[in-house]
Amino acid sequence: MKIISPRDFVDVVLIKQYEDGTIASAATNVEHALCPPQPRYVRGFNYPCGCFCIPVPGEPGKTQVLAFFQTDLGGYLPQTVVDSFFPSSMAGFYSNLTKAVKTVKT
């Protein structure tokens, strides 16, 4: 028996790149007929969230990041579990974001 059930999320995401090189990503939770809840997953919920990747003027190797997230993991998780999960989850997010920004810049 698993202690923590796997989660799934259904979001709509908009990504836009501006003339100055800024990349904006905005997302929010949606319900969609083609993505019904699955019996082996707990459906999580992302409130409106996003990220701005802003080039630092005069420093081509640097990008300023402004991110905002509010996630409800759903189900019944003790706060200690949530607190221990999020730091590693966010570290993974920023690691992947770094790779994505480098890919877009090249």
Side-chain angles (χ1 to χ4, degrees):
M1 181 175 197
K2 293 181 181 178
I3 295 175
I4 300 174
S5 299
R7 269 49 183 167
D8 72 348
F9 297 85
V10 181
D11 295 334
V12 61
V13 179
L14 170 70
I15 300 172
K16 180 173 173 85
Q17 185 165 8
Y18 296 90
E19 289 180 19
D20 70 349
T22 297
I23 300 170
S25 172
T28 191
N29 177 270
V30 294
E31 292 184 17
H32 195 284
L34 295 178
C35 299
Q38 300 297 310
R40 293 189 179 113
Y41 293 87
V42 173
R43 178 64 46 100
F45 185 94
N46 284 320
Y47 292 90
C49 56
C51 181
F52 292 93
C53 298
I54 307 160
V56 176
E59 300 189 53
K62 291 188 177 182
T63 302
Q64 180 183 14
V65 177
L66 172 64
F68 52 99
F69 299 94
Q70 184 177 358
T71 299
D72 179 350
L73 294 174
Y76 303 102
L77 290 175
Q79 190 62 42
T80 54
V81 172
V82 174
D83 291 345
S84 66
F85 164 77
F86 262 84
S88 62
S89 170
M90 292 310 294
F93 168 81
Y94 286 112
S95 174
N96 290 332
L97 179 63
T98 299
K99 292 174 190 171
V101 168
K102 287 179 180 178
T103 301
V104 171
K105 284 189 165 192
T106 58

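If you chain together ILVMFWY residues whose side-chain heavy atoms come under 4.5 Å of each other, Tyr76 ends up in a group of its own. Phe45 belongs to a hydrophobic cluster whose remaining members, ordered by chain and number, are Tyr47; membership requires side-chain heavy atoms of ILVMFWY residues under 4.5 Å apart, directly or through intermediates. Other members of the hydrophobic cluster containing Val10, listed by chain and number, are Val12, Val30; membership follows side-chain contacts under 4.5 Å among ILVMFWY residues, whether direct or relayed.
Applying the side chain to side chain donor-acceptor pair (under 3.5 Å) definition to pairs two or more places apart or across chains, those involving residues 19-42 are Asp20-Thr22.
Taken to the nearest 0.5 Å, the CG atom of Asp8 stands 4.0 Å off from the CZ atom of Arg43.
Minimum interatomic distance between Leu73 and Arg7 (heavy atoms only, all atoms of both residues): O-NE, 2.9 Å. Taking each heavy atom of Phe69 and Gly50 in turn, the nearest pair found is CZ-O, 4.1 Å.
Partners of Phe68 according to the ring-ring contact (aromatic ring centres under 6.0 Å, His included) rule, which considers only residues two or more places apart in sequence or in another chain, do not exist here. Annotation: ring-ring contact (aromatic ring centres under 6.0 Å, His included) contacts of Phe52 (sequence neighbours excluded): none.
A heavy-atom distance below 4.5 Å is not found between the side chains of Lys16 and Ile23.
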